[in-house]
Amino acid sequence: MPRSIRYGDYVQAITVDSDQVSYSKLMTRPLFDQNGNEVPQKPEKLRLGGMDVYKLLQPYLSVRFMEQARAVVPLAAYLALFQLLVLNQSVKDSATLGLGLLAVMVGLMIFLEGLKLGLMPFGEIIGNKLPLKLPLVGVLFIAFLLGIGVTFAEPAIGALQVAGQIVDPKNAPYLYTLLNDRVDATVLVVGVGVGIAAVIGTMRFLYNWSLKPLIYISMVPAVLLTAYCWFNPDLRTMIGLAWDCGAVTTGPVTVPLVLALGIGVATAGGAGDSKLQGFGIVTLASIFPIVAVCGLAIYFQMTVPVETILAEAAAKQASVAAAAAATGPVDWWTVSPGMEIVGGIRAIVPLVIFLMIVLFLVLREKLPNAFIIFYGIFLSVLGMCVFSVGLAYGLAKLGDGAGSLVPGLFTAIEAMPNAPLYSAGVGIFIAALFSWILGFGATLAEPALNALGLTVQNLTNGSFKKSMLMYSVSFGVAVGIMLGVIKLIFDFSLLYILIPGYIIGIILTAMSTEEFVNVGWDSAGVTTGPVTVPLVLAMGLGFGKAVGAVEGFGILASASICPIVAVLALGVYVQWKTKRENARALAEAKEDEAAAAAMARASS
């Protein structure tokens, strides 16, 4: 938001750590021929030493790196200190863990820079040019394919594959196959869900549809398929995964690229002036993957027998054991970290190829600033590879280690010989408090939440302040993560959290205005970033494994509905307060008018 500043402050800001260089030093001396005419010459390229490069990049990279460090370091420090001071357990492989977390921060910094320089310009160009070259059906088809492509490129989607490694196929066969042997199909149908959301979101931008009926309509198949899975014992264990997938998809790749396309289409169609421009995509991209994953699980349950899944799992375990026992050389791309590097390349390159096909073959457009864009694409691939390695060695290990030790507060576990440390009541309370603080702090550190807070403050003309939104969302996520952990402790169904939560959310949606509905339902997606999702997933799975739960999913789903309820409830209160103040101001104005009229009559 533009703001006024003193000219002296501006001068001070731009002169900090800066040197003035004469322009003549940057240009070669002019040469003249015998007739006194200047001879054209090509200036020499600037030669920069190592220190020069450092001085140029240091201010920029330090800011970008600190953005990631502010999200990662406090969480890592909190988990490590809790493990040392409360659980009295040392942090295993701390050096590897530290390098992994450093790789996460560096990888995210590089990836987001590449996203801004490489992938985002693609989305903006396609979004602006596509409606001019293709009919609406063709535009929506491209939006659908883009939704699938960006899902594979999401940094947090790799956390699902990591999570699948600790699921026991005997206890949850269909959950196991969705996350292991058929994980590509799972990610594909999640992408299909995002693609459908992109299509509906684009049409919503174009025709200015209300978000409320779209929420009601999309929740119907999600509820019906979830109910079917609940009444089928073989599928009951994958409900948590399906609802968690809605949180995984709304990351730093999906939302900006799909938004760029949708807003470009709406602008080309003459519908680009809505103050709610950009809202709603996150909500739809959170609901439709739930429907898609439930549908895929039902399909596998009908076509793939449990015996086949168990046989595939046994064959996979045997091959892993044989590979571990083999003394000969192994392919570098089949073991870590080569496997993560290949996965990072596979995540970005197909998306880039698809965008190139659309731009060059479908739209027949040239790529402006091609060098910068391809440099950005290189950074995206490099950043994704580094982040994937950091995810395996840093975030996943950190979350799994903390989650597997916290149950030692209230129950006996193998990893802690002196467990339980406290009585059941005290230990469960400390575990719940630990998860609440983790959720509150992780959410408050999300950079996207601050940006959403400013948007909401402007949208409501200051009646819904930025701090109110940030604290309500953080409180909601904290309560959601705490409820998810309690669900793992007492091993009750996730539906006992989701059903009341979504009933309250739908009631508050009906009571709220369109602005608060858009903000409230989108707020859940803002909190599930590439750092929070892998950490919470790994923590939940480690926690569930330690307490003997069949699966550890559902924490992200709980952390998605609770901020929706918190923001909508606060929005209803703000609406009521605003109406009351307006009514009181109107009544005072009428009283003043009546008093002025009475005085006028008395004076006459």
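Starting from 1, each residue takes its place in the sequence as its number. Everything numeric here is computed off the predicted structure, so don't read it as measured data.
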Exercise for the section: Go through the steps to decide whether Ile437 and Phe82 satisfy the test side-chain contact (heavy atoms from CB on, under 4.5 Å), and finish with yes or no. Expected result: CA-CA 11 Å; Ile437 295 173; Phe82 186 86; over 6 Å; no

Practice task
Step by step, work out the side-chain contact (heavy atoms from CB on, under 4.5 Å) result for Phe354 and Ile148.
Solution key: CA-CA 11 Å; Phe354 167 72; Ile148 297 176; over 6 Å; no

Practice task
In sequence, state the C-alpha distance, the side-chain angles, and the governing distance for Leu398 and Val91, and then conclude on side-chain contact (heavy atoms from CB on, under 4.5 Å).
Solution key: CA-CA 9 Å; Leu398 180 66; Val91 180; 5.6 Å; no

Practice task
Would you please test Leu361 and Met356 for side-chain contact (heavy atoms from CB on, under 4.5 Å) and show each step?
Solution key: CA-CA 8 Å; Leu361 300 183; Met356 285 183 176; over 6 Å; no

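At a threshold of 4.5 Å between non-hydrogen side-chain atoms, the residues Trp243 and Thr226 count as touching. Looking at Leu421 and Met416, their side chains come closer than 4.5 Å, going by heavy atoms from C-beta outward. Annotation: side chain of Asp93 is not in contact with side chain of Leu97 (no heavy-atom distance under 4.5 Å). Using a 4.5 Å heavy-atom threshold, the side chains of Ile215 and Ile506 count as touching. Between Tyr393 and Val104 the shortest side-chain heavy-atom distance does not fall below 4.5 Å. The shortest distance between side-chain heavy atoms of Cys229 and Ile298 falls below 4.5 Å. Between Val362 and Ile126 the shortest side-chain heavy-atom distance does not fall below 4.5 Å. Annotation: side chain of Ile196 is not in contact with side chain of Leu284 (no heavy-atom distance under 4.5 Å).
Although no hydrogens or angles enter the test, the distance criterion places no donor-acceptor pair under 3.5 Å between the side chain of Asp244 and the main chain of Phe553. Side chain of Thr237 to backbone of Leu175: no donor-acceptor contact under 3.5 angstrom is found. Thr177 contributes no side-chain N or O that, together with a main-chain N or O of Tyr174, makes up a donor-acceptor pair within less than 3.5 Å. Panel note: side chain Ser404, backbone Gly542; no donor-acceptor pair is recorded below 3.5 Å. Here the side chain of Asp400 pairs no donor or acceptor atom with the backbone of Met539 at under 3.5 angstrom. With hydrogens and angles ignored, the 3.5 Å screen pairs no side-chain donor or acceptor of Ser90 with any backbone N or O of Lys92. At distances below 3.5 Å, not a single donor-acceptor pair connects side-chain atoms of Lys487 with backbone N or O atoms of Ile497. Side-chain atoms of Thr308 do not come within 3.5 Å of backbone N or O of Val304 as any donor-acceptor pair. Counting only distance, with no hydrogens or angles, the side chain of Thr411 and the backbone of Gly408 share no donor-acceptor pair below 3.5 Å.
Using cut-offs of 30° and 60° for the angle between ring planes, the Trp436 and Phe440 rings count as parallel. The aromatic rings of Tyr78 and Phe434 lie parallel to each other, their planes meeting at an angle below 30°, with 60° marking the opposite boundary.
Counted by atom type alone, Trp521 and Thr509 present one or more donor-acceptor pairs between their side chains at under 3.5 Å.
Atom CZ of Phe360 has more than 12 neighbouring heavy atoms from other residues, nucleotides or ligands inside a 6.0 Å radius. Sparse packing is recorded around OH of Tyr496, with 12 or fewer heavy atoms of other residues, nucleotides or ligands lying under 6.0 Å away. Enclosure of atom CZ in Phe492 by more than 12 non-hydrogen atoms of other residues, nucleotides or ligands within 6.0 angstrom is indicated.
Pairing each heavy atom of Asn418 with each of Gln89, the nearest pair is OD1-NE2, 4.0 Å. Between Ser388 and Gly344, the shortest heavy-atom distance links the atoms OG-CA, 4.2 Å. Between Gly480 and Ser558 the shortest heavy-atom distance is O-CB, 3.1 Å. Summarising the geometry of Gly476 relative to Cys562, their closest heavy-atom pair is O-CB, 2.9 Å, with the distance given to 0.1 Å. Smallest separation of non-hydrogen atoms from Leu79 and Leu535: CD1-CD1, 3.8 Å. Taking both residues in full, the closest heavy atoms of Ala297 and Met238 are given as CB-CE, 3.5 Å, listed atom of the first, atom of the second, then distance.
Taking CG from Leu178 and SG from Cys245, the interatomic distance works out to 8.5 Å, rounded to the nearest 0.5 Å. Expressed to the nearest 0.5 Å, how far CG of Leu359 lies from CD1 of Ile357 amounts to 11.0 Å. Atoms CG and CD1, on Leu115 and Ile348 in that order, are 8.0 Å from each other to the nearest 0.5 Å. Remark: Leu296 CG to Leu225 CG distance equals 11.5 Å, nearest 0.5 Å. Taking CG from Leu145 and CG from Leu140, the interatomic distance works out to 11.0 Å, rounded to the nearest 0.5 Å. Here Leu405 contributes atom CG and Phe543 contributes atom CZ; the two are 11.0 Å apart, rounded to the nearest 0.5 Å.
Taking the ring axis of Trp230 as reference, the NZ or CZ atom of Arg236 stays within 45° of it and closer than 6.0 Å to the ring centre. Phe300 carries Arg182 over the face of its six-membered ring, with the cationic atom under 6.0 Å from the centre and within 45° of the normal.
Each of Leu483, Val406, Val485 was checked for a side-chain contact (heavy atoms from CB on, under 4.5 Å) with Ser435, and the lone residue meeting it is Val485.
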